[in-house]
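Below is one structure, written out as structure tokens, with a few remarks after it.
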Amino acid sequence: MDVDVDHYLVLGLPSGEEGAKLSVDDIKKAYRSKALELHPDKRPGDKQALTDFQRLQTSYEIIKDEKARKLFDDLLRIKREQQRRQSERSSKRDAKRQKMVSDLEERERAAFAPDPAAKEREEEERIAKKLREEIARIRAMRTNKGANMASATSRESSGVRKEGMDTTGARVDKEKVLKVSWEKVGEDYTAEGLRELFSKFGAVEDVVIKSSKKKGSALVVMKTKDAAVAATGSVCGHLSNPLLVLPLQPLMAAETPSAPRSTEPDRLSTLVGAGYAAFEDTVLMKLQKAAQKQK
């Protein structure tokens with residue numbers, strides 16, 4: 001158990017009062033020296049090598065943490081006092097004083113005097129419990145640190161760009177958003193490459209890419225509806241890997257309200273599919289939230 005181990009001795013440092021006076025630099029220096037000695041690569045074939053090295057790392061994390069180290073020093077102090085008191089009692093309990101000490105202890109028990117040993121055990125258990133909590137906190141902090149690093153890596157690889165958000169905080173107009181898709185053959189497309197292609201038809205506010213192994217897709221947000229209309233059906237991309245460009249939401253024909261509504265299923269939904277529509281809604285929601293934050 002970690003609370004029963006003398007972590008100073010594991011690091012090759014003096015324990016007790018001398019260990020409590022050691023600086024952080026002294027502890028780091030001792031850990032590095034001991035790590036070189038106990039590293040599994042230095043002890044091939046030794047089954048105990050990995051266990052010793054992990055115990056060294058645990059001791060170092062406890063001693064370098066200020067709060068955990070203070071609790072550990074208090075625990076060592078209580079144990080030293082117990083050993084000192086036990087030694088004093090042993091030295092005094094000789095033949096001449098044994099009866100006197102026995103009578104005194106009997107009178108103390110009769111008078112319901114608190115037992116110093118019981119108090120020491122209670123204090124030891126209290127400090128040991130706090131030390132266990134600190135050890136659990138350090139381990140949880142190390143686990144959360146690894147999870148945060150993995151999350152940051154995932155966000156960096158998602159390809160979501162936020163530089164072109166509307167600084168007014170307005171909702172993204174779907175009529176200015178284009179759906180672009182291509183097959184994963186020939187030359188692939190990047191956000192900068194798509195921005196350059198579509199900038200020929202007007203200013204581009206943002207490009208969000210989502211790719212899979214077989215198919216690439218993106219949402220291109222144009223600054224104006226006219227630019228979105230001009231870009232629709234005009235951008236073909238690379239000849240070896242042409243683009244399919246569709247409006248996220250076609251412009252409403254406001255001038256022909258009496259025109260009969262077609263009963264033919266929406267061809268755009270057929271081309272894009274339910275999976276892509278779900279992705280669009282998610283990205284649009286992120287764009288809107290980012291715009292609200294920048295406002």
Listing, residues 16-23 side-chain donor-acceptor contacts under 3.5 Å, not counting sequence neighbours, or none:
{"from": "Ser23", "atom 1": "OG", "to": "Asp26", "atom 2": "N", "distance (Å)": "3.2"}
{"from": "Ser23", "atom 1": "OG", "to": "Asp26", "atom 2": "OD2", "distance (Å)": "3.0"}

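- No side-chain donor-acceptor contact under 3.5 Å links Ser87 to the backbone of Gln83.
- When the side chains of ILVMFWY residues are joined at heavy-atom separations under 4.5 Å, either directly or via intervening members, Leu38 and Leu50 end up in two distinct hydrophobic clusters.
- With respect to Lys119 and Glu122, no salt bridge is recorded, no charged nitrogen being found less than 4.0 Å from a carboxylate O.
- Residue pairs that meet the ring pair (Phe, Tyr, Trp, His ring centres under 6.0 Å) test with at least one member in residues 77-106, sequence neighbours left out, do not exist here.
- Residues satisfying the salt bridge (charged side-chain N to carboxylate O under 4.0 Å, His left out) criterion with Lys42, sequence neighbours excluded, are absent altogether.
- When every heavy atom of Pro247 is checked against every heavy atom of Thr232, the shortest pair comes out as CD-CG2, 3.8 Å.
- With a 6.0 Å radius and a threshold of 12 heavy atoms from other residues, nucleotides or ligands, Glu196 has its CD atom at or below the threshold.
- Looking at Thr58, its side chain does come within 3.5 Å of a backbone N or O of Gln54 through a donor-acceptor pair.
- Closest non-hydrogen pair, Leu248 versus Lys174, comes out as CB-O, 3.7 Å.
- Identified under the ring pair (Phe, Tyr, Trp, His ring centres under 6.0 Å) test for residues 19-40, with sequence neighbours left out: Tyr31-Tyr60, His39-Phe53.
- A donor-acceptor pair under 3.5 Å links the side-chain atoms of Ser217 to the main chain of Lys210, judged by distance alone.
- Rounded to the nearest 0.5 Å, atoms CD (Glu183) and CG (Leu244) are 9.5 Å apart.
- Applying the salt bridge (charged side-chain N to carboxylate O under 4.0 Å, His left out) rule to Lys67 yields the partners Glu134; only residues at least two apart in sequence or on another chain are considered.
- Remark: Glu81 engages Arg77 in a side chain to side chain donor-acceptor pair (under 3.5 Å) (not counting sequence neighbours).
- Criterion: ILVMFWY side-chain heavy atoms under 4.5 Å apart, direct or through other members. Under it, Ile78 and Val5 are part of a common hydrophobic cluster.
- If you chain together hydrophobic residues whose side chains sit under 4.5 Å apart, Leu9 and Ile63 never meet in one group.
- Residue Tyr189 comes nearest to Ile209 through the heavy atom pair O-CD1, 4.0 Å, listed as atom of the first residue, atom of the second, then distance.
- Glu125 meets the side chain to side chain contact (heavy atoms under 4.5 Å, CB included) test with no other residue; sequence neighbours excluded.
- The shortest non-hydrogen separation linking Pro14 to Tyr8 is O-CB, 3.7 Å.
- With a 6.0 Å radius and a threshold of 12 heavy atoms from other residues, nucleotides or ligands, Glu88 has its CD atom above the threshold.
- Taking a 6.0 Å sphere around CD of Gln86, one finds it holds 12 or fewer heavy atoms contributed by other residues, nucleotides or ligands.
- In terms of the salt bridge (charged side-chain N to carboxylate O under 4.0 Å, His left out) criterion, residue partners of Asp103 (sequence neighbours excluded) are, by chain and number, Lys99.
- In terms of heavy atoms, Asp6 sits closest to Phe72 at CA-CZ, 3.7 Å.
- With sequence neighbours excluded, the residues that form a side chain to side chain donor-acceptor pair (under 3.5 Å) with Asp46 are Arg43.
- Under the 3.5 Å distance criterion, the side-chain polar atoms of Ser59 are left unmatched by any main-chain donor or acceptor of Leu56.
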Pair Lys70-Asp74, salt bridge (Lys or Arg N to Asp or Glu O under 4.0 Å): steps then yes or no: CA-CA 6 Å; Lys70 184 179 183 304; Asp74 291 342; 3.5 Å; yes
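- Under a cut-off of 6.0 angstrom, the local environment of NZ in Lys79 is crowded, with over 12 non-hydrogen atoms contributed by other residues, nucleotides or ligands.
- Scanning all heavy atoms of the two residues, the minimum distance from Ala49 to Pro40 falls at CB-CA, 4.1 Å.
- Checked against side chain to side chain donor-acceptor pair (under 3.5 Å), Arg32 has no partners two or more places apart in sequence or in another chain.
- Between atom CZ of residue Arg126 and atom CG of residue Leu71 there is a gap of 8.5 Å, rounded to the nearest 0.5 Å.
- A search for side chain to side chain donor-acceptor pair (under 3.5 Å) contacts involving Glu106 returns Arg109, not counting sequence neighbours.
- The side chain to side chain contact (heavy atoms under 4.5 Å, CB included) search around Ile138 returns Glu61, Asp65, Ala68, not counting sequence neighbours.
- Atoms CE and CG, on Met222 and Leu178 in that order, are 6.5 Å from each other to the nearest 0.5 Å.
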